Amino acid sequence: MSAAKNYYLTTPIYYVNDAPHIGHAYTTLACDVLARFKRLDGYDVKFLTGTDEHGQKVETSAQAAGIDPQAFTDKVSQNFRDLAKAMKFTNDDFIRTTEERHKKACQAIWQRLIDADEIYLGAYAGWYAVRDEAYYGEDELTKTPEGKRVAPSGAEVEWVEEPSYFFRLSQWEDKLLKFYDDNPDFIAPKTRRNEVLSFVKGGLRDLSVSRTTFKWGIPVPNDDDHIMYVWLDALTNYITSAGFPDTEGEFAQRWPADLHMVGKDILRFHTVYWPAFLMAAGIEPPKRVFAHGWWTNEGEKISKSLGNVIEPNQLVADYGLDQVRYFLLREVPFGNDGDFSRQAMINRMNGELANDYGNLAQRVLSMVFKNCDATIPEPGEYTVEDNQLLDAAGALLATVRGHLDRQHFHEALEAIWVVIRAANGYVDHQAPWKLKKEDPDRMLTVLYVLSETIRRITLLLQPVMPDSTAKILDQLVISAGDRTFAALASGVSMKAGTEISKPEGVFPRFVEEGAN
RNA sequence: GGCCGAGUAGCUCAGUUGGUUAGAGCAGCGGAAUCAUAAUCCGCGUGUCGGCGGUUCAAGUCCGUCCUCGGCUACCA
């Protein structure tokens, strides 16, 4: 029911012409972690991803492959569903822009824009590059020795004139600026917000929103010669999935979306065109758009021509799924560009997962297993040190929640690691192996405090590392019903007396081949 | 060119509204411990806080200027 707290977040829909790479995995991973976190935190979450399947490039690729575009997209969009499965993404819907529901939504929003006189029929003329599906200005072009004009991308352009529908974007400058002003958190990070603001302040021109040069797309209502502009088509997916054009039911509950996660390259579409389209159609804009950065590979820019594209499946095969999920969100302040290097990956994997966290769980659970009859012990009176550690662990939920609400994954993880390091220090200071001989009752309290701390840390790490944390929670015999954040409320702590099984290491160290 | 942002320990970065001896992690050096995945813990940093000038009792934190790097500057996942 609508009484539940809702959270609707989306990835971009990925263009099917590309093979899934680390960038796609990164965007969706960030959303997956947020979705999992919000679910555990009591939200009714809708997490959407999908594929963008229209456009001239797809049409051309399908022709080249000798099959019709629908068969082509059926095939390649599967790659993205496979990626989601391999990375254990928990999206609630996977939308394809070739679906009937989406066609309906696009035509409905188009009709709204027509009815509101936000779209008019005009003509577009300019230098067009088929390869880029883009028009270029005269000043952007260069001439080849053969006298051909080419775009900055190197694509050949031709002079094209076509009738086109235009969206009255020029009328939206002030309204957009007011919207940004009223919603200071709409665009993040801050530096991206500045870019958008300056772009809009620089003045907006009407936007061509239809094409007649190809057929693979959604026809404009009542004018079949025109295909809807791919971005109007693509962006609309976010409301399609929420149920639009039916604005009652789910749509009323889900929209506006809480977060559109995007790469920095498509910021403008999401922060200028999209809110303008929506407001023009009488629909509320989304609440927030976050633009993350790009990865480099061992310091090198990633490109197909360099042949250094990073395949998510390969990473998972090399280092493990949870390790990769952890690394991607821990290594770089979210929003910045980051570098993927083998050494950095191994350092995180061994230093933080195996040594700090994995070993903490292993050393503590081993002691419980060997010295407490394999049973979570009953604690006695707490000392100052006990309370310090318990308080630090207890404060974590609020801290992590705060960071994740701003998409600061790295800070959320750092906050958790502060407690992990403190817990390792506590183990050494308390030296339970000494207490075993000198003060066995005190040892029981110490091991209880540590078990409880590990429980809290592990519950909080579930969104990032679902498999590994499940294993640790299994070892602690935490029931499925006690794994939500309700179990992190203050006053709630571990039941003593639970019997645990023999602990096993969950985070293996990465050992280089041939090393000894 | 214009606009925006960044330049802090070997590396990656934190540094609130200007105010005690500028911090963390990693790497490095030394030591302790032995429960644990040879994992852990403790100790050790004289850093021109990009340069110069200025405001102030006081500036990494404000102002000016210069240098370097990055981003944006329209219809390109």
Side-chain angles (χ1 to χ4, degrees), chain A residues 12-18 20-21 23-24 27 51-52 55 57-58 80 124 126 128-129 131-137 140 151-153 155 166-167 169 189-209 229-232 234 262-269 272-273 293 330-333 336-339 343-344 347-348 350-371 410-411 414 417-418 421 423-436 443 446-447 450 503-509 511:
Chain A
I13 46 176
Y14 302 118
Y15 202 52
V16 287
N17 230 24
D18 289 334
H21 55 65
H24 301 110
T27 312
T51 43
D52 180 10
K57 265 194 277 191
V58 171
F80 288 91
Y124 197 98
Y128 184 74
R131 200 181 86 191
D132 300 342
E133 289 180 33
Y135 282 93
Y136 290 95
E140 294 179 274
S153 64
F166 284 84
F167 172 71
L169 185 63
K190 195 87 168 261
T191 175
R192 301 295 167 202
R193 174 184 157 83
N194 291 345
E195 285 177 14
V196 173
L197 253 56
S198 81
F199 174 78
V200 173
K201 282 176 182 164
L204 298 171
R205 299 202 295 264
D206 287 352
L207 186 69
S208 166
V209 288
Y229 174 49
V230 287
W231 271 106
L232 178 53
V262 301
K264 62 184 184 180
D265 56 330
I266 53 174
L267 219 217
R268 181 188 307 147
F269 303 102
V272 180
Y273 303 166
R330 178 69 186 94
E331 178 69 2
V332 172
N336 293 6
D337 287 347
D339 182 48
Q343 197 53 57
N347 286 348
R348 295 281 179 196
N350 288 353
E352 293 174 4
L353 294 180
N355 298 353
D356 291 345
Y357 177 44
N359 185 53
L360 172 68
Q362 180 70 6
R363 69 198 300 211
V364 169
L365 292 178
S366 289
M367 285 187 273
V368 171
F369 186 75
K370 289 181 190 164
N371 304 321
H410 62 296
E411 289 185 343
E414 172 59 22
W417 250 257
V418 166
R421 288 184 211 111
N424 272 319
Y426 174 90
V427 175
D428 277 61
H429 294 145
Q430 301 299 322
W433 51 90
K434 250 188 240 171
L435 294 171
K436 183 181 169 185
M443 178 193 73
V446 166
L447 292 180
L450 284 165
E504 280 173 31
V506 169
F507 293 102
R509 291 177 60 76
V511 182

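Remember, it's a predicted structure, so these values are computed and weren't measured experimentally. Chain identifiers are assigned alphabetically (A, B, ...) following the order of the sequence lines, protein sequences preceding nucleic acid strands; residue numbering begins at 1 within each chain.
- At a threshold of 4.0 angstrom between heavy atoms, the contacts of A:His410 with the nucleic acid are absent.
- The residue A:Val506 sits close to a base: some heavy atom pair falls under 4.0 Å.
- Residue-to-nucleotide contacts include a donor-acceptor pair under 3.5 Å from the side chain of A:Tyr124 to the base of B:C75.
- B:A77 sits 46 Å from B:G60 when the P atoms are compared, rounded to a whole Å.
- Neither OP1 nor OP2 of B:A39 sits under 4.0 Å from any side-chain N or O of A:Asn350.
- Here A:Leu365 lies out of heavy-atom contact (under 4.0 Å) with every strand.
- Comment: A:Arg363 engages A:Asp428 in a salt bridge, judged by a side-chain N to carboxylate O separation of less than 4.0 angstrom.
- Using a 4.0 Å heavy-atom distance criterion, A:Gly338 is classed as making no nucleic acid contact.
- Rounding to the nearest 0.5 Å places CG of A:Leu365 at 8.5 Å from CG of A:Leu360.
- When rounded to the nearest whole Å, the span between CZ of A:Phe166 and P of B:A74 equals 17 Å.
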Polar atom pairs (N or O), protein with nucleotides 26-36 of chain B, under 3.5 Å:
| from | atom 1 | to | atom 2 | distance (Å) |
| --- | --- | --- | --- | --- |
| B:C35 | O2 | A:Arg363 | NE | 3.3 |
| B:C35 | N3 | A:Arg363 | NE | 3.4 |
| B:C35 | N3 | A:Arg363 | NH2 | 2.6 |
| B:C35 | N4 | A:Arg363 | NH2 | 3.0 |
| B:A36 | OP1 | A:Lys370 | NZ | 2.5 |
| B:A36 | O2' | A:Asn359 | OD1 | 2.6 |
| B:A36 | N3 | A:Asn359 | ND2 | 3.1 |
| B:A36 | N3 | A:Arg363 | NE | 3.3 |

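- Checking B:A77, B:C75, B:A24 against every side-chain atom of A:Arg205, the shortest atom distance belongs to B:C75.
- Atom pair A:Leu450:CG and B:U40:C1' shows a separation of 13 Å (rounding to whole Å applied).
- Within the 4.5 Å cutoff, side-chain heavy atoms of A:Val427 are placed close to those of A:Trp433.
- B:C62 sits 10 Å from B:G19 when the P atoms are compared, rounded to a whole Å.
- For A:Trp417 (side chain) and A:Glu352 (main-chain N/O), a donor-acceptor pair under 3.5 Å exists by modelled atom type.
- Going from the C1' atom of B:G50 to that of B:C67 covers 8 Å, rounded to whole Å.
- Taking atom CZ of residue A:Phe507 and atom C1' of nucleotide B:A38, one finds them 20 Å apart after rounding to whole Å.
- Between B:U61 and B:G5, the two P atoms lie 16 Å apart (nearest whole Å).
- Between the side chain of A:His21 and the base of B:A77, a donor-acceptor pair under 3.5 Å is found.
- Regarding A:Asn194, its CG atom lies at a distance of 16 Å from the P atom of B:G71, rounded to whole Å.
- The side chain of A:Glu195 has B:C72 as its nearest neighbour among B:A24, B:C72, B:C41.
- Taking atom C1' on both nucleotides, B:G7 is separated from B:U48 by 14 Å, rounded to a whole Å.
- Rounded to whole Å, the separation between the C1' atoms of B:C69 and B:A33 comes to 47 Å.
- Distance A:Glu414 CD to B:C13 C1': 10 Å, rounded to the nearest Å.
- Put simply, OH on A:Tyr426 is 20 Å from C1' on B:A39, counting in whole angstrom units.
- The residue A:Ile266 sits close only to the backbone: its heavy atoms come under 4.0 Å of sugar-phosphate atoms, none of a base.
- If you take atom P in B:C11 and the same atom in B:G47, they sit 15 Å apart, rounded to whole Å.
- Dashed line: the shortest gap from a side-chain N or O of A:Arg268 to OP1 or OP2 of B:C75 is not under 4.0 Å.
- In this structure, A:Trp417 does not reach the B:A24 phosphate: none of its side-chain N or O atoms is under 4.0 Å from OP1 or OP2.
- Regarding A:Glu331, its CD atom lies at a distance of 7 Å from the C1' atom of B:U12, rounded to whole Å.
- Rounded to a whole angstrom, the distance from the C1' atom of B:G43 to that of B:C57 is 37 Å.
- For A:Phe199, the side-chain atoms get nearest to B:U73 when compared with the rest of B:C13, B:U73, B:C76.
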